[in-house]
Protein chains: 2
Amino acid sequence: MRSVKDVKQETLTGTAAFQLGTLGAITAELFAERLAVHGLKPKHAGLLALLDSGAAASQQDIARTMRVTPSLVVGLADHLEELGAVTRERDPADRRRQILGLTDRGRELLARCTETASAIDEELTAGLDDAFRTNLRRTLAVLAARAGLPG
Amino acid sequence: MRSVKDVKQETLTGTAAFQLGTLGAITAELFAERLAVHGLKPKHAGLLALLDSGAAASQQDIARTMRVTPSLVVGLADHLEELGAVTRERDPADRRRQILGLTDRGRELLARCTETASAIDEELTAGLDDAFRTNLRRTLAVLAARAGLPG
DNA sequence: TATTGTTATACTCTATAACTATA
DNA sequence: TATAGTTATAGAGTATAACAATA
């Protein structure tokens with residue numbers, strides 16, 4: 001027979017899925033607002049970070065890694081190129097491919113993005129101890145790695 | 001003077017802000033896809049959960065709690081009313097206000113949404129132990145509470 | 001023919017502003 | 001006048017599809 005303890009009393013708002021979704025939306029909006037002073041949006045920052053890691057090269061590779069369509073990468077790269085943050089070069093071995101490269105200005109902008117994200121981290125965890133902060137990042141890093149995200 | 005230890009070597013993708021944003025986007029998209037079979041979107045689920053908690057009443061209250069504009073609540077409530085999930089009644093004390101109520105059908109749909117979110121939780125943490133899952137939820141709950149989110 | 005990058009277009013989500021009715 | 005809800009409109013973000021250059 002089924003005892004009371006077997007009955008799940010789970011709430012939607014108590015699930016990690018729901019909380020990740022809502023917290024992610026709030027955090028992303030905050031990040032976007034603060035990035036605006038640098039003329040960037042979160043996806044620009046993600047692209048800069050990806051180039052800095054040296055992982056991706058062509059726009060197709062970038063699109064796959066960022067989980068967006070190649071046509072979206074065009075606009076992101078256009079804007080970053082206008083800012084002098086990235087360079088675009090045709091791959092000599094395959095002239096269809098555009099190889100994106102990070103400039104000093106790009107690394108500088110990436111540093112500003114990282115500072116912005118760090119500041120949000122501090123606000124999210126203000127008043128909490130270092131053990132909580134460390135645990136938070138490690139926990140999220142595990143999930144991110146399992147989801148196939150770079151970083 | 002400044003030692004090597006003082007230099008922050010933080011990466012953008014290592015911040016909680018960035019990881020919450022990306023994990024939240026992926027999770028929310030997955031949740032949305034699976035909710036579609038019930039004719040619902042994540043915000044519908046959030047509204048049902050809010051009504052179930054008994055916290056909110058008028059559409060203005062709901063809009064504030066859900067951090068969306070009142071005009072968006074109109075469409076959400078319209079759809080849920082069509083599905084027979086919520087009732088709309090004028091407040092006798094103030095006939096400008098619409099009081100939303102959850103029906104049995106609404107509670108049934110909310111249970112489906114909760115099951116869907118739970119299933120995603122299990123997939124996100126498949127192969128990890130209960131200690132990790134418990135820690136994950138508690139950690140996110142702390143952040144959610146500090147961000148003023150209900151639940 | 002297949003693939004890379006690009007452009008043109010459409011779709012989804014959401015906010016802003018104007019409007020109606022109640023207060 | 002002020003507020004609750006509604007409607008109409010506009011904007012942001014992204015995907016899909018068609019296209020040009022290269023393989």
Side-chain angles (χ1 to χ4, degrees), chain A residues 21-22 24-47 50-51 56-82 86-101, chain B residues 21-22 24-36 39-47 50-51 56-82 86-101:
Chain A
T22 51
I26 291 173
T27 306
E29 189 180 344
L30 196 57
F31 189 44
E33 285 171 3
R34 300 193 183 178
L35 240 41
V37 300
H38 301 118
L40 298 176
K41 295 180 179 177
K43 287 238 159 30
H44 294 122
L47 177 45
L50 189 55
L51 293 179
S58 76
Q59 295 183 192
Q60 296 278 345
D61 294 338
I62 290 166
R64 270 187 293 272
T65 306
M66 290 183 70
R67 304 185 178 215
V68 297
T69 56
S71 65
L72 181 59
V73 178
V74 175
L76 295 175
D78 280 351
H79 185 63
L80 290 172
E81 198 177 20
E82 285 168 15
V86 305
T87 54
R88 253 189 183 126
E89 290 178 23
R90 287 283 169 192
D91 182 349
D94 182 346
R95 295 187 46 74
R96 290 174 303 183
R97 295 163 66 88
Q98 301 263 43
I99 306 300
L100 299 189
Chain B
T22 51
I26 290 173
T27 306
E29 188 180 344
L30 196 57
F31 189 44
E33 284 171 4
R34 300 193 183 177
L35 240 42
L40 298 175
K41 295 180 180 176
K43 286 235 158 39
H44 294 122
L47 177 45
L50 189 56
L51 292 179
S58 76
Q59 295 183 191
Q60 296 278 345
D61 294 338
I62 290 166
R64 270 186 291 272
T65 306
M66 291 183 70
R67 302 183 178 219
V68 296
T69 54
S71 65
L72 181 57
V73 178
V74 175
L76 295 174
D78 280 351
H79 185 62
L80 290 172
E81 197 177 22
E82 284 168 16
V86 305
T87 54
R88 252 191 184 126
E89 290 178 25
R90 286 281 168 192
D91 182 349
D94 183 344
R95 294 187 46 74
R96 291 173 303 182
R97 295 163 66 90
Q98 301 264 39
I99 307 301
L100 299 189

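Here is how names work: the chains are called A, B, and so on, in the same order as the sequence lines, proteins then strands, and each is numbered from 1.
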At a 4.0 Å cut-off to heavy atoms of chain A, the contacted part of DNA chain C spans C:dA2 to C:dT7
Residues passing the side-chain hydrogen bond (donor to acceptor under 3.5 Å, both in side chains) test with B:Thr69, sequence neighbours excluded, are B:Ser71
For nucleotides 5-14 of chain D, 5' to 3', base contacts (B), sugar-phosphate-only contacts (S) and non-contacts (-) with protein non-hydrogen atoms under 4.0 Å give BBB-----SS
For residues 92-101 of chain B, the salt bridge (Lys or Arg N to Asp or Glu O under 4.0 Å) pairs (sequence neighbours left out) are B:Asp61-B:Arg97, B:Asp91-B:Arg97, B:Asp94-B:Arg96
By side chain to side chain contact (heavy atoms under 4.5 Å, CB included), B:Ala77 pairs with (sequence neighbours left out) B:Gln59, B:Arg88, B:Leu100
Heavy-atom nearest pair, B:Pro70 first then B:Gln60, reads CG-OE1, 3.6 Å
Scanning both residues in full, the closest heavy-atom pair of A:Ala45 with A:Leu35 reads CB-CD2, 4.0 Å
Tightest non-hydrogen contact, residues A:Ala28 and A:Pro42, listed as O-CG, 4.3 Å
In short, side chain to side chain donor-acceptor pair (under 3.5 Å) pairs touching residues 26-44 of chain A with sequence neighbours left out are A:Arg34-A:Glu123
